[in-house]
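Input: a single structure, listed below in structure tokens.
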Number of protein chains: 2
Amino acid sequence: MNTRVTMADVAASAGVSTMSVSYTYNRPSRVSAATRERVRAAAATLGYAGPNRTARSLRSGRHNSIGVVLGEKLTYAFEDPQARRFLSGIADACLDADTALVMLPNLHRDKDIARIRDAQVDGYVVWTTEIDDPLLDVLVETGRPTCIQGGPDHPGLNWIAIDDRAAAGAVAIAALNGRSRPAVIALRPDTRRESTVVRGADASDISMPVTRSRLEGYRDACLHSGIDWSTVPTLFTTDNTRAEGERAARLLLHDNDIDALLVMSDELALGTLDAAAASGIDVPARLAVTGWDDSPAAAAAGLTTVAQSLFDQGRSAARWVLGLSDGVENAIWRVEERTSTASETAPKPRTV
Amino acid sequence: MNTRVTMADVAASAGVSTMSVSYTYNRPSRVSAATRERVRAAAATLGYAGPNRTARSLRSGRHNSIGVVLGEKLTYAFEDPQARRFLSGIADACLDADTALVMLPNLHRDKDIARIRDAQVDGYVVWTTEIDDPLLDVLVETGRPTCIQGGPDHPGLNWIAIDDRAAAGAVAIAALNGRSRPAVIALRPDTRRESTVVRGADASDISMPVTRSRLEGYRDACLHSGIDWSTVPTLFTTDNTRAEGERAARLLLHDNDIDALLVMSDELALGTLDAAAASGIDVPARLAVTGWDDSPAAAAAGLTTVAQSLFDQGRSAARWVLGLSDGVENAIWRVEERTSTASETAPKPRTV
DNA sequence: TTGAAAGCGCTACCAG
DNA sequence: CTGGTAGCGCTTTCAA
């Protein structure tokens with residue numbers, strides 16, 4: 001263990017002050033070439049590997065690391081394709097900045113909040129959470145820069161997201177072209193996990209901002225298409241998985257006369273295609289389906305979906321948190337219109 | 001920012017020494033109930049959230065965090081299903097122990113090694129690397145407990161893995177039942193990324209221990225089945241993806257007369273099934289295929305494969321690193337024999 | 001360009 | 001059970 005060698009040892013060995021050693025590592029230009037050389041030589045001789053990070057953090061208040069808060073067990077984050085792309089973007093920014101990445105699961109217990117508050121990080125990137133998550137105020141109190149993917153827009157914290165409401169409206173319009181009996185398959189409305197079906201779902205009841213905004217957008221499109229929202233069933237899912245999507249579709253298609261499924265993720269949407277295929281329901285002739293995120297599997301399945309780059313959003317959020325940019329970039333989206341929403345009047349898929 | 005409130009402030013306010021405050025947080029049983037109560041009250045009044053972690057680390061030398069070293073960009077770790085399951089297991093152990101998880105990509109540059117060495121962690125879990133990775137000696141020098149999934153078995157470091165050689169031998173025997181012209185699709189032999197095909201591949205040339213051991217096992221099985229290893233082509237892939245598997249299979253099947261593909265991952269193996277289907281080659285009648293890891297997709301595709309729990313291995317490795325167990329658990333495996341290796345003499349798939 | 005002093009906030013150690 | 005002392009290894013601040 002060379003941990004024993006300190007800056008003072010190197011200074012003594014090189015015949016200079018500790019400050020010259022410190023400067024040699026932190027601001028080499030402030031030190032004469034001769035001093036620098038002697039310090040390097042002494043360090044090499046003693047096997048000094050550079051300043052102890054903990055002592056440096058204690059004194060300077062900086063950590064060279066970023067915390068990523070996931071509102072789940074990490075297992076979930078690693079399994080969810082969207083979360084993964086976002087994480088990859090963060091990791092990319094960290095690599096550029098030589099910053100460590102600390103994973104901070106938040107299961108909404110007191111100890112989780114304490115762990116996140118006390119984490120030795122310079123700032124936080126949060127993967128979407130509830131509007132009234134008590135963690136948010138705790139993060140504000142840390143005084144550390146924080147950016148939340150998908151919102152909410154909480155005073156004192158930054159956020160990055162596409163305009164989910166507008167995107168939901170646009171993709172729903174693609175599905176509702178000539179159709180009038182839609183149903184919605186929604187992501188979970190809050191951090192609890194229970195599956196429910198309601199008609200005319202009230203977005204203001206929903207505390208996950210992403211789910212809320214997308215639901216508002218679907219509703220906008222229904223109103224615009226002359227569809228009575230109070231008749232439209234919404235199924236809130238528990239997991240963002242293909243199997244859950246299939247289950248949800250079976251339930252909705254069994255109990256209702258549906259000709260369009262507005263689905264808040266590609267994973268779930270692919271599951272609905274499985275269910276339709278199993279039931280012999282032709283997509284798009286008898287049922288239009290839309291997804292969200294434009295995954296490779298969605299493209300392969302001809303699924304109309306909302307395309308956004310979660311990688312870019314992760315990268316942008318992390319860069320802002322690390323002080324490498326003045327603000328987060330504007331997150332862009334577009335509707336990828338494919339065969340799952342094709343109709344006789346508009347037979348040729350196109351990109352809007 | 002309540003960061004300003006220190007233990008000394010709380011002690012003064014409660015009319016006790018700093019040590020009593022420290023004990024109240026760290027070893028409450030060593031303090032009288034009365035003192036404890038007064039400290040808690042003073043802390044609440046002042047908004048003191050508990051000991052500063054950085055100062056605690058500096059003084060105690062402990063960090064309450066574990067480093068996960070991945071021999072790639074994190075993007076890769078998040079995309080690779082096997083790495084993900086292993087990471088999930090580590091995360092699970094961390095959650096139990098209230099330990100932070102620090103992600104440490106290793107792109108084999110000097111700065112990566114320095115970042116890993118200087119990370120403020122109590123120990124490391126490493127996702128398989130090369131036998132001669134210079135990082136290994138650096139990890140030994142840190143004096144911190146380290147466990148490597150898949151090896152290598154490096155002096156001073158611990159490792160966890162199944163007996164890859166034995167498992168490879170067993171799964172290959174399942175494929176070679178009545179077949180005599182196998183080819184191997186291997187994971188990469190080292191951290192470089194280039195695709196090559198060789199006949200009679202020499203395992204001792206290979207520096208990734210997992211790849212080496214599996215190749216040895218396949219060779220064992222060939223010898224046992226009377227197949228001349230020097231005639232067996234091995235294709236080393238660059239990425240562990242389905243698309244790469246398809247590409248590899250096309251290449252091998254085009255240039256050779258092959259009746260069995262021994263493939264080192266399910267992802268790659270599923271790609272070979274795609275290639276076979278596209279070429280109208282019947283599996284298993286004209287071609288047997290084996291995979292590795294028993295992913296859900298492998299089960300769905302009827303792929304014979306080696307089953308192991310990378311989640312359990314990650315959890316076990318992390319628990320040992322965190323000092324929660326005396327040693328890593330024995331990692332178990334079994335061959336899941338399915339239709340992709342069925343033959344006339346043994347028509348009924350079974351589990352060995 | 002260099003250096004001395006003064007802690008960052010906490011806990012190991014040992015004495016009461 | 002309680003508390004004083006003595007730093008952990010470094011960087012900020014200010015002076016030379």
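Sequence lines set the chain letters: A, B, ... in the order given, protein chains first and strands last, and positions in each chain run from 1.
- With no hydrogens or angles considered, a side-chain donor-acceptor pair links T191(B) and E130(B) at under 3.5 Å.
- When rounded to the nearest whole Å, the span between CZ of R27(B) and C1' of dT11(C) equals 11 Å.
- A heavy atom lying under 4.0 Å from DNA chain D marks the following residues of residues 53-66 of chain B, by number: L58(B), R59(B).
- Side-chain atoms of N26(B) lie closest to dT11(C) of the nucleotides dT2(D), dG3(C), dT11(C).
- Between D80(A) and N240(A), the side chains place a donor N or O and an acceptor N or O closer than 3.5 Å (distance only, hydrogens not considered).
- The backbone N or O of Q120(B) sits nowhere less than 3.5 Å from a side-chain atom of R53(A) that would complete a donor-acceptor pair.
- One side chain, N26(A) or R56(A), offers a donor N or O that lies under 3.5 Å from an acceptor on the other.
- Side-chain proximity of Y23(A) to dG3(D), dT12(D), dC10(D): nearest is dT12(D).
- A donor-acceptor pair shorter than 3.5 Å can be found between the side chains of S32(B) and T35(B).
- Ring planes of W127(B) and F86(B): tilted class, angle from 30 to 60°.
- Side-chain nitrogen and oxygen atoms of Y48(B) include at least one within less than 4.0 Å of the OP1 or OP2 phosphate oxygen of dC10(C).
- Looking at residues 112-119 of chain A, you'll see that no heavy atom sits under 4.0 Å from any atom of DNA chain D.
- Only V16(B), S17(B), M19(B), listed by number, bring a heavy atom of residues 7-19 of chain B to less than 4.0 angstrom from any atom of DNA chain D.
- Under a cutoff of 6.0 Å and an axis angle of 45°, R85(A) and F311(A) do not form a cation-pi pair.
- Close to dG3(D), at under 4.0 Å from its OP1 or OP2, lies a side-chain N or O of S20(B).
- Along DNA chain C, the nucleotide nearest to P51(B) and the one nearest to T35(A) differ in position, and the one closer to the 5' end is contacted by T35(A).
- Distance R30(A) CZ to dT12(D) P: 10 Å, rounded to the nearest Å.
- For the OP1/OP2 pair of dT11(C) and a distance below 4.0 Å, the side-chain nitrogens and oxygens of S22(B) include at least one atom meeting the criterion.
- The OH atom of Y25(B) sits 11 Å away from the P atom of dT11(C) (whole-angstrom rounding).
- Remark: side-chain polar atoms of S13(B) are not paired, donor with acceptor, to backbone N or O of D9(B) under 3.5 angstrom.
- A donor-acceptor contact closer than 3.5 angstrom links the side chains of D137(B) and H154(B).
- Taking every heavy atom of both residues into account, G50(A) and Y25(A) meet most closely at CA-CE2, 4.0 Å.
- Atom-to-atom, CG of N52(B) to P of dT11(C) comes out at 9 Å; the value is rounded to the nearest Å.
- When only modelled atom types and interatomic distance are considered, S316(B) and D312(B) share no side-chain donor-acceptor pair under 3.5 Å.
- Nearest to the side-chain atoms of T6(B) among the listed nucleotides dC10(C), dG3(C), dC10(D) stands dC10(C).
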